[in-house]
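Worksheet for the structure shown next.
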Protein chains: 2
Amino acid sequence: MDHHPDLDMLGRTELFQGVSADALRVIHESATRRQVVAGEVVFRQGDPADALYIVAFGRLRASQTTADGQQVIIRYIGPGEVAGYATLSRGEAHPGTVAAVDDSRLLGWTRAAITQLMERHPVVAMNAVAMLGARYHEMQVRLRELSTEKVERRIAHTLLRLAERAGRRSKLGIEIAFPLTRQDLAEMSGTTLHTVSRTLSGWENTGIVDCGRRRVVLCKPQALVAIAEEAA
Amino acid sequence: MDHHPDLDMLGRTELFQGVSADALRVIHESATRRQVVAGEVVFRQGDPADALYIVAFGRLRASQTTADGQQVIIRYIGPGEVAGYATLSRGEAHPGTVAAVDDSRLLGWTRAAITQLMERHPVVAMNAVAMLGARYHEMQVRLRELSTEKVERRIAHTLLRLAERAGRRSKLGIEIAFPLTRQDLAEMSGTTLHTVSRTLSGWENTGIVDCGRRRVVLCKPQALVAIAEEAA
DNA sequence: CGGACTTTTGAAGTAATTCAAGGGGAGTGG
DNA sequence: CCACTCCCCTTGAATTACTTCAAAAGTCCG
């Protein structure tokens with residue numbers, strides 16, 4: 001028998017890297033599998049946090065919604081990354097909604113299972129600490145950007161972060177590897193879709209980006225870096 | 001010998017709650033003590049993250065500074081709370097600067113010590129996960145506020161959060177229990193000290209707050225909640 | 001080819017910043 | 001105890017970056 005291809009994948013995830021092959025097999029067997037299609041909701045803000053998922057394939061989006069319906073995108077979740085961190089950390093409810101932006105395949109564990117795994121395998125707990133520390137740090141950076149930078153710089157930073165985490169080399173430059181509307185960029189940058197549209201149009205005129213419907217390509221990343229870092 | 005009063009304190013901190021009394025004693029003995037006076041820096045942004053502190057007494061402030069010198073206040077750190085989380089989570093450098101806002105007494109551990117503690121005592125690792133999850137969640141909420149709310153609501157939220165975490169009942173209402181300038185409030189709310197000043201003046205006229213030099217008292221907290229939650 | 005999204009662009013409006021100046025409080029040192 | 005000085009705070013006026021409002025043009029899909 002059976003070296004399931006998921007085992008390699010699991011061994012390289014942020015949560016399970018460094019776990020022994022034997023333990024990985026047990027972990028894998030205790031997982032539930034779930035397929036979601038683009039647009040499908042994995043869990044909703046306020047749902048009880050009783051499961052945690054790892055993306056095996058595809059991409060999810062975590063967002064928070066305000067009482068009056070405005071959205072903020074917290075992050076995109078790609079292969080090997082965790083959705084539903086509240087399940088790790090004593091949170092009772094999911095703080096945000098997670099939905100698929102592409103057809104995706106997930107592995108899931110119950111709260112009881114994941115708690116037991118952390119207790120039994122210190123490396124898993126350490127990985128969880130490292131992961132949450134990294135996310136906390138990323139949020140600090142975004143908070144600082146949102147507090148101190150003007151819109152154009154924020155949009156530049158947003159695009160550069162997306163390219164970093166989900167960029168794909170293409171003919172014209174680095175392409176963001178999943179569908180992304182102006183509204184999405186606005187919800188990541190703390191502005192409106194109008195301002196994003198105007199800004200991208202400006203950049204398109206100078207050849208910095210090339211974009212279309214739900215698609216953005218960074219043609220001159222270093223020009224974007226210059227905008228993101230500029231003193232003003 | 002010796003039931004050191006710090007032991008009780010340690011057993012109630014976010015990081016060491018639930019640890020056995022024996023283990024607590026060992027943990028306590030491996031700590032270094034440090035006194036800081038108001039204004040003193042504990043560590044600076046960019047310093048190697050080789051130590052973690054717990055506040056035994058007093059209060060610290062964690063902030064991030066931009067290349068051009070603007071500051072953002074990440075959080076205030078009160079008794080029982082952790083400063084220097086990067087030491088837990090594989091961060092190489094402290095992502096922000098931590099300084100004392102009141103004279104404070106700290107207990108510190110090296111990175112090696114804290115890593116060993118997490119490996120040896122699963123409950124410590126679980127506490128670390130819970131703590132970082134809570135902080136990550138708090139940042140998500142702040143990011144959402146900063147993205148979607150107008151200044152007045154943000155300042156109201158900021159004050160309510162401060163009151164929640166460091167409020168002290170006084171004759172006039174709930175007083176924020178440490179010195180707090182308009183500039184500080186601005187750096188927490190993502191605005192300027194001028195706007196904070198104007199907003200507080202307005203609230204003072206309607207009796208919602210009472211404030212002076214480095215001091216704020218919430219006289220009508222529910223009025224502030226109304227402002228923070230209002231539809232507009 | 002119809003219909004639903006998504007995107008663009010102009011024009012008007014405004015919330016908040018920036019610029020500027022002055023007014024207090026608290027501590028210090030004479 | 002008073003005066004000096006350093007912060008901190010306040011308030012007005014001008015400016016502006018961005019949003020909001022409005023309309024139309026693309027683009028994709030069934």
Side-chain angles (χ1 to χ4, degrees), chain A residues 37-39 66 68-73 99 101-102 145-156 158-159 176 178-206 209-217 227 230-232, chain B residues 37-39 66 68-73 101 103 145-159 176 178-206 209-217 227 230-232:
Chain A
V37 298
T66 63
D68 58 317
Q70 288 182 86
Q71 283 209 350
V72 176
I73 295 179
V101 290
D102 271 333
E145 288 175 7
L146 207 48
S147 291
T148 63
E149 297 178 357
K150 297 237 186 286
V151 186
E152 189 180 27
R153 289 184 68 182
R154 298 207 304 267
I155 298 173
T158 298
L159 282 178
I176 311 297
F178 55 89
L180 186 69
T181 66
R182 305 292 180 269
Q183 177 72 35
D184 293 332
L185 279 170
E187 288 173 3
M188 273 182 281
S189 311
T191 180
T192 62
L193 76 158
H194 307 280
T195 299
V196 170
S197 177
R198 277 183 247 269
T199 305
L200 289 184
S201 293
W203 289 344
E204 193 145 30
N205 288 336
T206 48
V209 300
D210 174 79
C211 49
R213 199 186 163 83
R214 293 161 154 268
R215 185 183 63 87
V216 183
V217 182
I227 291 168
E230 77 193 347
Chain B
V37 299
T66 63
D68 58 316
Q70 289 184 84
Q71 283 210 349
V72 175
I73 295 178
V101 290
D103 295 351
E145 287 174 8
L146 206 49
S147 291
T148 63
E149 297 178 357
K150 297 236 185 290
V151 185
E152 189 180 28
R153 289 183 68 181
R154 298 208 303 267
I155 298 173
H157 271 127
T158 298
L159 282 178
I176 310 298
F178 56 89
L180 187 69
T181 67
R182 304 291 180 269
Q183 178 72 35
D184 292 333
L185 279 170
E187 288 173 3
M188 273 181 280
S189 310
T191 180
T192 63
L193 75 158
H194 307 280
T195 300
V196 170
S197 177
R198 277 182 245 269
T199 305
L200 288 183
S201 294
W203 289 344
E204 194 145 30
N205 288 336
T206 48
V209 300
D210 174 80
C211 48
R213 201 185 162 79
R214 295 162 152 269
R215 186 183 63 85
V216 183
V217 183
I227 291 167
E230 77 193 348

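Each chain gets a letter, A, B and so on, in the order its sequence line appears, and its residues count up from 1.
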Please list residues of residues 190-199 of chain B whose heavy atoms come under 4.0 Å from any atom in DNA chain D, ordered by number; otherwise none.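 Under 4.0 Å from DNA chain D: B:His194, B:Ser197, B:Arg198.
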Quick check: do [X] and [Y] have side-chain heavy atoms less than 4.5 Å from each other?
{"X": "A:Leu193", "Y": "A:Thr181", "value": "no"}
{"X": "B:Leu185", "Y": "B:Thr191", "value": "no"}
{"X": "B:Asp68", "Y": "B:Gln70", "value": "yes"}

Counterpart residues, side chain to side chain contact (heavy atoms under 4.5 Å, CB included), relative to [X] (two or more places apart):
{"X": "A:Ala156", "result": "A:Trp203, A:Leu224, A:Ile227, A:Ala228"}
{"X": "A:Thr192", "result": "A:His194, A:Thr195"}
{"X": "B:Arg213", "result": "none"}

Can you give me the first and the last nucleotide of DNA chain D (5' to 3') that has an atom within less than 4.0 angstrom of a non-hydrogen atom in chain A?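 Contact boundaries, 5' end first: D:dA17 to D:dC28.
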Output the rounded distance in Å from [atom1] ([X]) to [atom2] ([N]).
{"X": "B:Gln183", "N": "C:dT18", "atom1": "CD", "atom2": "C1'", "value": "14 Å"}
{"X": "B:Glu149", "N": "C:dA15", "atom1": "CD", "atom2": "C1'", "value": "15 Å"}
{"X": "B:Glu152", "N": "C:dT17", "atom1": "CD", "atom2": "P", "value": "13 Å"}
{"X": "A:Leu146", "N": "C:dT17", "atom1": "CG", "atom2": "P", "value": "13 Å"}

Quick one: closest heavy-atom pair of B:Arg154 and B:Glu149, and the distance?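 Smallest interatomic distance, heavy atoms only, reads NH1-O, 2.9 Å.
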So, [X] side chain and [Y] main chain: donor-acceptor pair closer than 3.5 Å or not?
{"X": "A:Glu204", "Y": "A:Cys211", "answer": "yes"}
{"X": "A:Arg153", "Y": "A:Glu230", "answer": "yes"}
{"X": "A:Asp102", "Y": "A:Ala38", "answer": "no"}

Pair B:Thr148-A:Thr66, side-chain donor/acceptor within less than 3.5 Å: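 No, because no side-chain N or O of B:Thr148 sits under 3.5 Å from a partner of the opposite role on A:Thr66.
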C:dT9 phosphate, OP1 or OP2: any side-chain N/O from A:Ser201 under 4.0 angstrom?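 Result: yes.
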Nearest-nucleotide wise, let me know which of A:Leu200 and B:Arg213 is further upstream toward the 5' end of DNA chain C.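 Closer to the 5' end of DNA chain C: A:Leu200.
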Degree of bending, the helix from C:dC1-D:dG30 to C:dG30-D:dC1 (end axes from five pairs; round to 10°):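 Inter-axis angle at the termini of the helix from C:dC1-D:dG30 to C:dG30-D:dC1: 40°.
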For A:Arg182, which contact category applies under a 4.0 Å heavy-atom criterion: base, sugar-phosphate, or nothing?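 Sugar-phosphate, backbone atoms only, no base.
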